[in-house]
Amino acid sequence: MKLHPLQETWRWFGPKDTVSLADIKQAGAAGIVSAMHHVPHGQLWSVEDIQKRKEEIERAGLRWSVVESIPVHENIKTRSGNYKELLEVYKQSLRNVSAAGVKTVCYNFMPVLDWTRTELDHTMPDGSKSLWFDWVSLALFDVHILKRKGAEQDYDAATLQKAEHRFQHAEKKWLDILTENILMGVPGEASIPLEQLLKSIEIYKAIGGDGLRENLAFFLESIMDVCEEQGIKMTIHPDDPPFDILGLPRIMSNKNDLIYILKKVDRMPNGICFCTGSLGAGKDNDLPDILKAVGDRVYFVHLRNVRKEKDRSFYEADHLDGDTDMYEVMKELLKIQQSRKEPIPFRPDHGHQMLDDLNKETFPGYSAIGRLRGLAELRGLAMGISKSIVIGD
Ligand code: DNO
């Protein structure tokens with residue numbers, strides 16, 4: 001039996017990306033994942049802007065297959081201020097991307113910060129550079145730099161002690177870089193100032209995990225009609241890392257969280273971006289098992305791997321290395337694909353900065369060669385499985 005392949009895609013940050021569309025073409029990915037990073041959160045994505053991006057992609061012989069992301073404004077996440085107006089804007093942006101033929105949209109519902117890392121250029125034994133999340137460094141930031149009220153309660157004594165020691169011995173430059181890394185959002189988008197983060201932490205404390213879950217359901221219920229009418233699939237990106245940090249609630253971190261929201265808003269366009277790197281950093285997350293449980297609503301996939309340490313620290317490993325069994329994940333994905341009419345888009349997520357890219361300016365995690373290695377490995381894995389396994393056995 002010949003299996004239907006997944007769709008290979010590649011994230012492109014737009015004209016400011018240091019990896020060009022011509023480079024992507026050579027990597028062999030046909031689909032592009034892109035967004036209007038220059039448009040401030042909450043503002044309308046205009047038809048003209050979208051059309052321009054689409055044409056640029058198509059001129060390079062590629063196709064814009066996924067929008068990642070139309071960011072959800074903080075006022076929608078907290079359901080405050082002008083959130084009703086912002087929901088209308090969001091719906092119109094959805095109509096506009098749909099008019100350009102892009103029908104898969106990624107978003108996240110992480111409070112204030114998007115993905116969080118403490119180190120963006122950790123040298124690996126092979127000389128390449130990787131992204132790290134270090135629990136002690138996070139504690140150091142939380143307790144000694146952010147000085148969040150009650151922060152100490154979130155760490156055990158050993159972590160606090162190590163954080164204190166590291167803080168006493170650190171150079172100012174290192175502390176500044178740590179702060180910058182944690183406050184950084186998506187490449188090309190604005191970072192949040194420290195004071196703003198403290199204010200937001202207070203706001204989310206009042207909302208709590210349950211409140212945030214309700215706000216997410218409200219957001220989804222508000223946009224589902226438009227999605228159905230336009231044939232759009234929404235895909236929520238899991239929390240990265242998948243646990244509460246800095247006192248901020250995280251509600252998309254494990255199997256139960258994903259199942260909860262799929263059931264709560266039980267409509268076809270309410271789907272998941274299955275990010276193996278994000279979910280993979282959760283201590284008890286069994287990725288193939290989660291995929292089996294929510295697979296019918298997985299409309300977009302990020303594939304990468306992490307290696308966890310004893311505390312909550314982890315680093316980004318090579319795509320087929322790390323704690324997640326990528327063979328099992330790929331096998332399950334190919335199985336899910338067989339019942340779909342359209343190929344499920346996946347992208348090689350992140351990659352080490354390696355070879356020639358070590359001498360270049362690259363967006364953290366989004367170097368050309370590291371991702372190319374990831375894509376090539378994943379492509380081979382998928383082909384190997386397809387040719388040797390009859391899905392359904
Ligand atoms: C990090 C990315 C995330 C992702 C957003 C989706 O590399 O996977 O920033 O794009 O969370 O909304």
Side-chain angles (χ1 to χ4, degrees), residues 9-14 17-19 32-37 39 41-42 45 65-74 76-77 90 93-94 97 102 104-121 130-133 181-192 216 219-220 223 232-242 245 248 250-253 257-258 261 270-281 298-306 314-317 319 345-353 362-368 370-371 374-375:
T9 67
W10 188 281
R11 189 176 198 177
W12 186 56
F13 288 93
D17 201 324
T18 47
V19 181
I32 292 293
V33 175
S34 198
M36 302 297 170
H37 299 283
V39 178
H41 294 193
W45 286 21
S65 5
V66 180
V67 166
E68 177 177 355
S69 306
I70 304 185
V72 180
H73 192 278
E74 281 298 303
I76 296 181
K77 291 182 188 163
Y90 202 96
S93 294
L94 286 175
V97 293
V102 192
T104 306
V105 175
C106 183
Y107 71 103
N108 75 75
F109 223 74
M110 288 178 250
V112 209
L113 299 170
D114 196 296
W115 62 318
T116 305
R117 295 289 182 275
T118 55
E119 202 182 339
L120 306 180
D121 56 356
S130 160
L131 307 185
W132 283 59
F133 177 86
N181 292 347
I182 294 175
L183 299 180
M184 195 190 82
V186 173
E189 295 183 11
S191 294
I192 177 169
L216 169 59
F219 164 68
L220 284 167
I223 62 168
I232 285 186
K233 297 190 189 83
M234 293 300 293
T235 68
I236 189 160
H237 188 282
D239 302 324
D240 185 1
I245 53 164
L248 293 163
R250 301 269 202 170
I251 57 164
M252 276 300 120
S253 295
D257 288 344
L258 300 180
I261 200 62
N270 176 21
I272 287 166
C273 164
F274 192 76
C275 176
T276 55
S278 303
L279 289 167
V298 167
Y299 304 137
F300 181 35
V301 182
H302 290 177
L303 294 176
R304 73 180 157 85
N305 224 321
V306 296
F314 60 88
Y315 67 88
E316 300 195 356
H319 290 74
F346 82 92
R347 64 174 180 81
D349 197 16
H350 303 182
H352 290 174
Q353 199 179 346
T362 61
F363 286 150
Y366 289 92
S367 65
R371 281 186 293 164
L375 179 60

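A quick note: this is a predicted structure, and the numbers were derived from the prediction, not measured. Every number for a ligand or one of its atoms is a count from 1 in the order of the listing.
- Rounding to the nearest 0.5 Å gives a distance of 7.0 Å between CG of N108 and CD1 of I236.
- Ion pairing of D240 with R117 is present here, as a side-chain N (NZ or NE/NH1/NH2) and a carboxylate O approach within less than 4.0 Å.
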* Take F363 and F13 through the test ring-ring contact (aromatic ring centres under 6.0 Å, His included) and record every step on the way to the result. => CA-CA 9 Å; F363 286 150; F13 288 93; 5.0 Å; yes
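- Under the 3.5 Å distance criterion, the side-chain polar atoms of S367 are left unmatched by any main-chain donor or acceptor of T362.
- Residues lining ligand 1 at a heavy-atom distance below 4.0 Å are given as R11, E68, S69, C106, Y107, N108, M110, D114, W115, V186, H237, H302, R347, H350, Y366, ordered by chain and residue number.
- With no hydrogens or angles considered, no side-chain donor-acceptor pair links E68 and H237 at under 3.5 Å.
- Residues passing the salt bridge (charged side-chain N to carboxylate O under 4.0 Å, His left out) test with E74, sequence neighbours excluded: K77.
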